[in-house]
Number of protein chains: 2
Amino acid sequence: MDQVKTDPRIIRTRKLIMDTFIDLSGKKEFKDITVKDITTEAMINRATFYYHFEDIYDLLDKVLSEVLLVNLKSEVYEKEEINEQSLTSIFKAITNFQMSLSNRCHRGYEDTIARIIRDQLEVLLYKMLLKQHQVKEDESLKVAAVMLSWGIYGASVEWRRNSQDATPEEYIKSAIPYILKGIE
Amino acid sequence: MDQVKTDPRIIRTRKLIMDTFIDLSGKKEFKDITVKDITTEAMINRATFYYHFEDIYDLLDKVLSEVLLVNLKSEVYEKEEINEQSLTSIFKAITNFQMSLSNRCHRGYEDTIARIIRDQLEVLLYKMLLKQHQVKEDESLKVAAVMLSWGIYGASVEWRRNSQDATPEEYIKSAIPYILKGIE
DNA sequence: GTAATTATGTTGGATATCCAACACAAGAAT
DNA sequence: ATTCTTGTGTTGGATATCCAACATAATTAC
C-alpha cells in the first residue's frame, strides 16, 4: 500500500551495473574484475557504484540472488504447495543454476554462492510452508525451511559430484517421499 | 586545447536515447514513434529528452548524421585528397546509407534525410578541399563543396531510381574525370 | 626491500536528471 | 459539438549522479 516509488535513476543505474557485471563475468574470472572495470564499462562514476553497493561482493550477492530468483520463478512457486512436483522443479532449477555458474569460472567463491542459494531457497520454502499450513508465521516452520534448503542444496552438490549420469529428477525422485512425510 | 570535458551523464543519456530511437525505428515507422515511447523504453524522464533535443525531428537529424558519419568514416577521408578513389568510396558510402534507410520505412521524410546527407557531405568535402589547397578558409571552395555535395547526392538518387543493375562504382566511374578536372 | 603504480572506499560541492504540475494541441469516442 | 484521451513542450524544486581530492591498502616493478 504505502510503497514509495523508487527513483528511475536508481533502477536504471543498478541495471546498468548488474548487466555490465554479468557481461564482464562472461569474459574474465570474478577475481580479476575490479570496480573500476565495471563502472568504466557501464559509463557511471565509481562513487555512484558505492552509493548502490557496499563493495564488489555485495554486487555479486545481489546479482546471483536475482539470477537465481528468475531461475526459481518464485512468483509462481510461492503460490504452490510443497509436493513431489514442486520440489522436483525447484531441485531442477538449482542444479540448472549451478551448471550455468560453473561455466563462468567463479573459482574460490563456492562458499559465497552456496550461501546465496540456500538463503534464497530458505525464503521461498518458508513462504510455501506458511501458505500450506495457513499461518502468518511460525518458528518451527522456519527451522524446517532451513533444513529443507540445506537438504536440497546438499543434494544438488552431491548430484554434481557423483551422479550426473542420472537426471536431476531421477536422482531426487526416490528421496522425496521421505522428505514429504516429514513436513506434511 | 581548451576542450571542456562533457559530463559523462550527457554522453550516456544521449547514447541511451539515440540507441533506443534506432531500435524503435526498426520496429515501427518514424511517424508512429512518440517522445514518450522513446523515453519510456530508454528509462529516462521526458523532460530530460527536451534537455538534449529540441524535438523528435532534431533527434532524427542527429541520429542520421551520426550514422552517416560512421558510414563515411570521415576521420579517415578528412585527411585524404579528392580523387577518383576517395570520391568513389564516398559515393558507395552514400548509396549504402540510403539503402539501409529504405528498409526502415521513413516514408515522408525523404526531404529531411536528403538535407542531412548533403549537409554532412558538404562539411566533409569542404574540409578535404581546404586540405588539398592548403588554405584555412575560402568562399569559392565552400561553394564548390556545396555543388559537389548536391552532385554526389543527386547521382545517388538517380542510381537508386534507374541503374541498380550497375554497381555504384560502375555508375559513377565515367563521370568522375569530368568532376575532378573542375576542382584540380 | 622499497618505490611506483593501481584499486578501494569516502567526502562536499557541482550538475544532470527526475517529478509534478501546468498550458496547449490533435484525434477519438460518444 | 463535447468530452476524453494522448502527446507536446516548459518550469521550479528535489534527488541521483558526477568530480576532484584524499587516505589507505594491495600489487607490481626494479
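Lettering follows sequence order; numbering is per chain, from 1.
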For A:Asp55 and D:dT24, give me the distance from atom CG to atom C1', rounded to whole Å.
-> 16 Å
Of the candidate nucleotides C:dT8, C:dC19, D:dT17, which contains the atom at the shortest distance from the side chain of A:Thr48?
-> D:dT17
Starting from the C-alpha separation in whole Å, work towards a yes-or-no answer on side chain to side chain contact (heavy atoms under 4.5 Å, CB included) for A:Tyr57 and A:Asp61.
-> CA-CA 6 Å; A:Tyr57 301 99; A:Asp61 193 296; over 6 Å; no
From CG of B:Asp7 across to P of C:dA16 the rounded distance in Å is 5 Å
Within the structure, does a side-chain N or O atom of A:Tyr51 lie under 4.0 Å from either OP1 or OP2 of D:dA16?
-> yes
OP1 or OP2 of D:dT17 under 4.0 Å from side-chain N/O of A:Thr13 = yes
Under 3.5 Å side-chain donor-acceptor pair for A:Thr20 and A:Asp23 | no
Starting at atom OH of B:Tyr57, determine the distance to atom P of D:dG9, rounded to an integer number of angstrom.
-> 8 Å
Report the relative orientation of the aromatic rings in B:Phe30 and B:Phe21; use parallel for angles under 30°, tilted for 30 to 60°, perpendicular for over 60°.
-> perpendicular
Could you go step by step and tell me if A:Ile116 and A:Asp119 meet the side chain to side chain contact (heavy atoms under 4.5 Å, CB included) rule?
-> CA-CA 5 Å; A:Ile116 293 169; A:Asp119 282 353; 5.7 Å; no
Rounded distance in Å - CD1 (B:Ile33) to C1' (D:dG7) | 15 Å
Kindly give the heavy-atom pair with the smallest separation between B:Leu68 and B:Ile117, and that separation in Å.
-> CD2-CA, 3.6 Å
If you pin A:Arg9 and A:Tyr50 to their nearest nucleotides in DNA chain C, which one's is more 5'?
-> A:Tyr50
Atom pair distance, as rounded to whole Å: CD1 in B:Ile44 and C1' in D:dA16 = 15 Å
5' precedence on DNA chain C between A:Ala47 and A:Val35 (nearest-nucleotide basis) | A:Val35
Does OP1 or OP2 of D:dA16 have a side-chain N or O of A:His52 closer than 4.0 Å?
-> no
Please report, rounded to the nearest Å, how far the C1' atom of C:dG9 is from the CD atom of A:Glu54.
-> 12 Å
A:Arg46 side chain: which of C:dT8, D:dA16, C:dA16 is closest?
-> C:dT8
Please report, rounded to the nearest Å, how far the C1' atom of C:dC18 is from the CG atom of B:Leu16.
-> 15 Å
Within this structure, what is the NZ-to-P distance between B:Lys36 and C:dC19, rounded to whole angstrom?
-> 13 Å
When you get a sec, tell me which of C:dC19, D:dG7, C:dA21 is the closest nucleotide to the side chain of B:Asn45?
-> C:dC19
Would you mind telling me which of C:dC18, D:dT17, C:dG9 lies closest to the side-chain atoms of A:Arg12?
-> C:dC18
Look at all strands and tell whether A:Arg14 reaches a base, only sugar-phosphate, or nothing, counting heavy atoms closer than 4.0 Å.
-> nothing
